[in-house]
Amino acid sequence: MASNKPNKLAFLSMPAPASYVAGLGRGASGFTTRSDIGPAREGPSAEVIAEAQAKRGEEVEPDPEQFQDPDNEYGLFAGTTYEQDDEEADKIYEGVDEAMDSRRRARREAQEQAELAKHRAERPKIQQQFADLKRGLSAVTDEEWESIPEVGNLTRKKRRREERTYVVPDSVLVGDRSKGEYESSLDVRQQQAGGFETPAESGALTNFVEIGQARDKILSLKLDQISGTATTNGTSTSVDPKGYLTSLDSVILKSDAEIGDIKRARMLFDSLVKSNPKHAPGWIAAACLEEHAGRMVAARKIIKLGCEQCPKSEDVWLEAARLHNNEDAKVVLANAVQHVGQSVRIWLAAADLEHDVKAKKRVLRKALEHIPNSVRLWKETVNLESSASDARILLARAVEVIPLSVELWLALARLESPDKAKAVLNKARKAVPTSHEIWIAAGRLLEQEASAPSDTKTPEQRAKELEVVDKTIEAAVRELRRHQVLLTREQWLKEAEKCEAEGSVRTSEAIVKATVAMEVEEEDRLDTWVSDAEAAEGRGMVGTARAVLAYALKVYPERRNLWRRAAELEKAHGTRESLDAILNRAVVHCPQAEVLWLMAAKEKWLAGDVPAAREVLERAFVANPESEQIWLAAVKLEAENGEFGVARELLIRARTVADTERIWMKSAVFERQQGQISIALDTLSTALTKFPKFPKLYMIQGQIHQASSNLAAARASFAAGLKATPKEPTLWSLASRLEEADGKSIRARALLEKARLLNPANEHLWAESVGVEERSAGAAQAKAMLSRALQECPASGLLWSMALWAEPRASRKTKSVDALRKTKDSPLVVCTVARVLWADRMIERARDWFGRATATDPDLGDIWAWWLKFERQHGNEEQREIVRTKAVAAEPHHSPVWQSIAKDVANVGKSTREILEAVADALK
C-alpha cells in the first residue's frame, strides 16, 4: 500500500538547478580541510558566478583588472619615480596618521579590554571551564584511577572486520628455503659433455682454460713492466721502475684557468714581439712562457727568432743557450761570439759548458784575446792553473795589461816570495797610488817577515822590524791624504778588525795607532775611545780593543778607570802575564789608585805567588799609608795563609795608622773568628766609644752575646744600636729575631711595626714581618701581611717572590706575569719563576730562567745556589760544574742565606765553591 505521506528527504535525490553553486549565497565557493590545503574541488568559473548573481538580482562588482595599464603589469603608477618629495609627503602622512591614532588611545584600549573580558565571561574557553575539575584531580586516589572504565567505541559506525589468516602450503616454505642456498658440487653430466652452460640460455660455453691463460699473460706483462722491459705487439720498450714515480711527479697538470692565462699571455707576447721586434726582453719572456707551458720546441724557435732580431743582446743569447742541450748550447754561444765578442758573460758561459779543464782554458784564453782588460776573465783563468808558477806568469801579464786592478796586484804579491812581493807592491803602489789595500798588504807582509821564526833574530831586532809596520801605515795615511783619498775613522777601524780576523794583529794595532784619533774632538776623545774598545770587544776583536785602549792610555796615563778597563779586558781575554804587565804599569802611573794595587796583589795571590803579593802590598803601603782597603787586604792575605799573628799585628798597626770604623770592625771579627770572645768584646766597646753611629758594631756585639746565650746583654746591645741608628733595617731585623728566639713573638711583631714606621717602604722589614707572622700566627695572617706589604712596596722583587710562592699552584703562572711586569724583571722574581717551572717539571725552561736570573744580578748568591740545587736533581755532572765555575767567576757576596753561611764562624776560610755547596744544602 503506497503511503501518501510526502518524503522530506526527497530533494536530496533531485538534480541541482542550473548554475547552482553550493554555499554561494553565504559567500563560500569551496572548503578546505587540515589535511588538504587548498580547494577540495575546482570552484566555478567567473562567468558562472556572474550569471548566478545576475539571476539573483545582485549587482555585479567591477573587475579591478579592467583599470590595469596594459603596458604595466603592476599598476598604473608603477613606472613613476619615487623622489625625495614623495618620501617627505609619505612621512608627513604617516605622522598625521600616528597623531590621529594616538588620540584617545588609552580610552580605546581600555574599552577593548573590557569588551574582551565580557566576551570571555560569556563564552569561556574549554580550558577555563574544566579548570576546577583539573584541580580536583589532585585528590583522586589510585583506586579511583583504576576504577575508571576504558573508553569504548561509542560511535554507530560499523567496525572493520579483522583480517583473516590462511595456512601457507609446505611447497612454498620448501621453495623459499632453497632460494638462498649455493650448490658447491659440479654436474658430472655437463662436465663430461665438455662444458657448462651459462645461466643465460644463449647456448655459449665457458672455457676456463682460456681464462687462465689470459690471466697468466696479463700477470707476465705486469712483471715484465716492473722488471724494466715489456714487449707489446713485438716492440720492446724499457721502463725505469725507480724513476717512474719521479717522472710522474714532473708531469704538470694545468687547470683550465692556467691554460686560459697561458693563451692570453701568448697573445700579448706575440703582439709585443711583432710590434717591437728589437726588444730583447719580449723574446725572452715569450720563450719562457712556452717553456712553462711545456712546449720546448716552440720556446727554442721563439728564442732563435729573438737571436736573429736582437743579435747584440747578450741576454737573448744566454737564454738561447739555456734552453738548448749542452752541444747545441755550444753552437749557440759560438754564434753569439760572432755578434757580441766583447761580452764577458758569453765567454764565461761558454767556458762553463766545457767539462774538460783544458777546453776551459782554451775558451778563456780565446776570450782574453778578445777582451784583454777584463779582470774577471783573468781571475777565472788564473784559478784554473794548478801550478803557482803558471799562475804567477799569468798574473804578471795581467797586471801589465790592467795596471789599475788592485786585486790582480795583490794576488800576484801573494804568489811571489817576500822579496819579490815587496817589489810587486811597490810597483802596485806607483800604479795605483789611491789604494789603501796595497799599503795594508805591505804592512802585513812586513809583519809576516818580522814574525817568521828565525834563530838569528834577537827580540830587539824583531821589535825594530815591527816598528817598520807602524811607520808604513803612518806613511800610508799621509800618502792617501796627499792623493785626496780620505777614508773615515770607522772605515780604518773596520780595516783593522779585518786584519785581526786574518791573523795580522800587529798591522791592526798599527792602523789603530795611526787613525784612531782622526775626526774626534779633544773633549770627546776619551768617551769615544772607550766606546770603540767596547764595541770591538763585543764583536770579538780583542786585539783591536786592546790597541784602542793602549792608545788611550798613552794619551791619558793618569786615568785610573781607563787602566782598570784595560785590566778587565786582559783578565777576560788575555794571559796572566799580560794582566800583570798592565797592572804593573797601572800602579806606576796611578800610585794613589787603591783598586789597582788590590787587583795586582790579588792576581799574584791567585797565581800562588804569596811573597809577590806581599811585595805589591808593601809598595802599596808606601804609596798609600792610610789606605783602609790596603790594610784590610794585607790582613786578609796573612789570615788566609795561616799567619794569624802577623794579621793581628797588622790590625793593631792599622788601628793606629788608619783609625777607621771598618778597621775596628774587622779587628773585632778577626778576634771572634779566632775564638777570643773577650778581646773581641773589648775591641767593640772601644770602637763604640769612637764610632757610636756605626751600626755593624752593635750587630756584632749583639750576635756575640746571643751566641753566648746572654740574651739580656744581646737585647741591650741591639737596643743601644737602635737608639743610635734607628734607620738601619738590619739591626731591627736582628732585634726582632732575638725576641722571636726568646719566644716573644708579640714583642718581635711590635719591634717590626716600629721599624716600619721609622723606615717606610722598606721591603726587608716587610719581608721580616711576613716571616714572623708565618712562623707565629699562620699562613692566613702572613698572607694578609704580605698584601699590605705589596701595597706599600708594589715594585719589590723580594715581596713579589714571596707572594708568588704563597700562591696556589694553579695560579702561579698568571701571578708570575704580573710580578715580572711590576718589578721590571727583578732577578729574585726571575729565580722564583724558574722554581715554579721546576715544580711544574718544565726542566729546560727552568734552566733557561735560572740562567737569566744569574745574568741579571750575579752578586746574589742564593740564586746560584738554587740553580746548583736544580742541577743536582735534573742535570748531569757537566752541567753542575758549569754552574760552579760561573758562580766562582762571579764571586757573589749578598743574599740572606748566602751571607748567613758565609759569615758563620765555622765557615771561615772556605772558598766560594764550598760556600755555594753549603748554601745549596741549606736551601729549602
Side-chain angles (χ1 to χ4, degrees), residues 729 733 749 752-753 756 759-875 879 882-883 886-887 890 892 894-898 919-920 922-924:
S733 299
R749 188 182 294 113
L752 289 175
E753 288 180 1
R756 294 199 304 271
N759 302 277
N762 188 283
E763 60 176 1
H764 298 285
L765 291 175
W766 279 107
E768 192 70 26
S769 300
V770 173
V772 170
E773 297 296 340
E774 187 175 3
R775 288 186 292 269
S776 61
Q781 192 68 23
K783 194 169 185 180
M785 181 63 71
L786 186 57
S787 299
R788 290 177 54 197
L790 286 174
Q791 289 178 357
E792 189 166 348
C793 305
S796 170
L798 176 60
L799 295 176
W800 271 106
S801 61
M802 297 174 67
L804 272 180
W805 208 246
E807 285 289 321
R809 187 168 184 175
S811 60
R812 283 176 184 171
K813 289 186 178 180
T814 306
K815 197 80 171 179
S816 301
V817 178
D818 297 337
L820 290 170
R821 184 180 70 254
K822 292 186 178 181
T823 61
K824 297 180 180 178
D825 293 342
S826 169
L828 294 175
V829 176
V830 174
C831 179
T832 307
V833 172
R835 292 169 59 195
V836 170
L837 295 172
W838 177 10
D840 291 340
R841 308 291 297 178
M842 298 181 181
I843 306 304
E844 292 300 326
R845 292 187 62 189
R847 184 176 287 115
D848 294 340
W849 280 84
F850 276 122
R852 288 179 57 185
T854 54
T856 305
D857 192 354
D859 190 52
L860 300 178
D862 287 1
I863 299 178
W864 290 104
W866 277 117
W867 193 2
L868 179 60
K869 192 177 185 69
F870 166 78
E871 295 296 350
R872 284 179 179 177
Q873 183 175 352
H874 298 288
Q879 292 169 329
I882 290 174
V883 176
K886 290 183 177 180
H894 295 89
S895 288
V897 182
W898 183 276
V919 175
L923 289 174
K924 296 180 181 179

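Small disclaimer: the values here were computed from a predicted structure and weren't measured. Starting from 1, each residue takes its place in the sequence as its number.
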- [ ] Kindly state each residue pair satisfying side chain to side chain donor-acceptor pair (under 3.5 Å) with at least one member in residues 803-812, sequence neighbours excluded.
- [x] Glu807-Ser811, Arg809-Asp840
Open item on the list: Between Trp800 and Ser816 (side chain of the first, backbone of the second, donor and acceptor by atom type, cut-off under 3.5 Å), is there such a pair?
Closed with: no
Which heavy atom of [X] sits nearest to which heavy atom of [Y], and what is that distance?
{"X": "Leu804", "Y": "Val829", "value": "CD1-CG1, 4.1 Å"}
{"X": "Arg847", "Y": "Gly875", "value": "NH2-CA, 4.0 Å"}
{"X": "Val897", "Y": "Val919", "value": "CG1-CG1, 3.9 Å"}
{"X": "His874", "Y": "Arg841", "value": "CE1-NH1, 3.2 Å"}

Open item on the list: For the residue pair Arg835 and Trp838, would you count it as a cation-pi contact if the rule is NZ or CZ under 6.0 angstrom from the ring centre and within 45 degrees of the ring axis?
Closed with: no
- [ ] Report yes or no: is the cationic atom of Arg756 (NZ for Lys, CZ for Arg) closer than 6.0 Å to the six-membered ring centre of Trp766, at no more than 45° off its axis?
- [x] yes
Open item on the list: Could you tell me if Arg788 and Ser769 have a donor-acceptor pair between their side chains, going purely by distance under 3.5 Å?
Closed with: no
- [ ] Could you go through the side chain to side chain contact (heavy atoms under 4.5 Å, CB included) check for Ser796 and Leu790 one step at a time?
- [x] CA-CA 7 Å; Ser796 170; Leu790 286 174; 5.6 Å; no
- [ ] Could you please spell out the steps behind the side chain to side chain contact (heavy atoms under 4.5 Å, CB included) verdict for Val772 and Leu752?
- [x] CA-CA 9 Å; Val772 170; Leu752 289 175; 3.6 Å; yes
Task: Test item: Ile863 and Asp857 side chains (from C-beta on) under 4.5 Å apart, heavy atoms - done: no
- [ ] Quick one: sort the Trp867 and Trp864 rings into parallel, tilted or perpendicular, breaks at 30° and 60°.
- [x] parallel
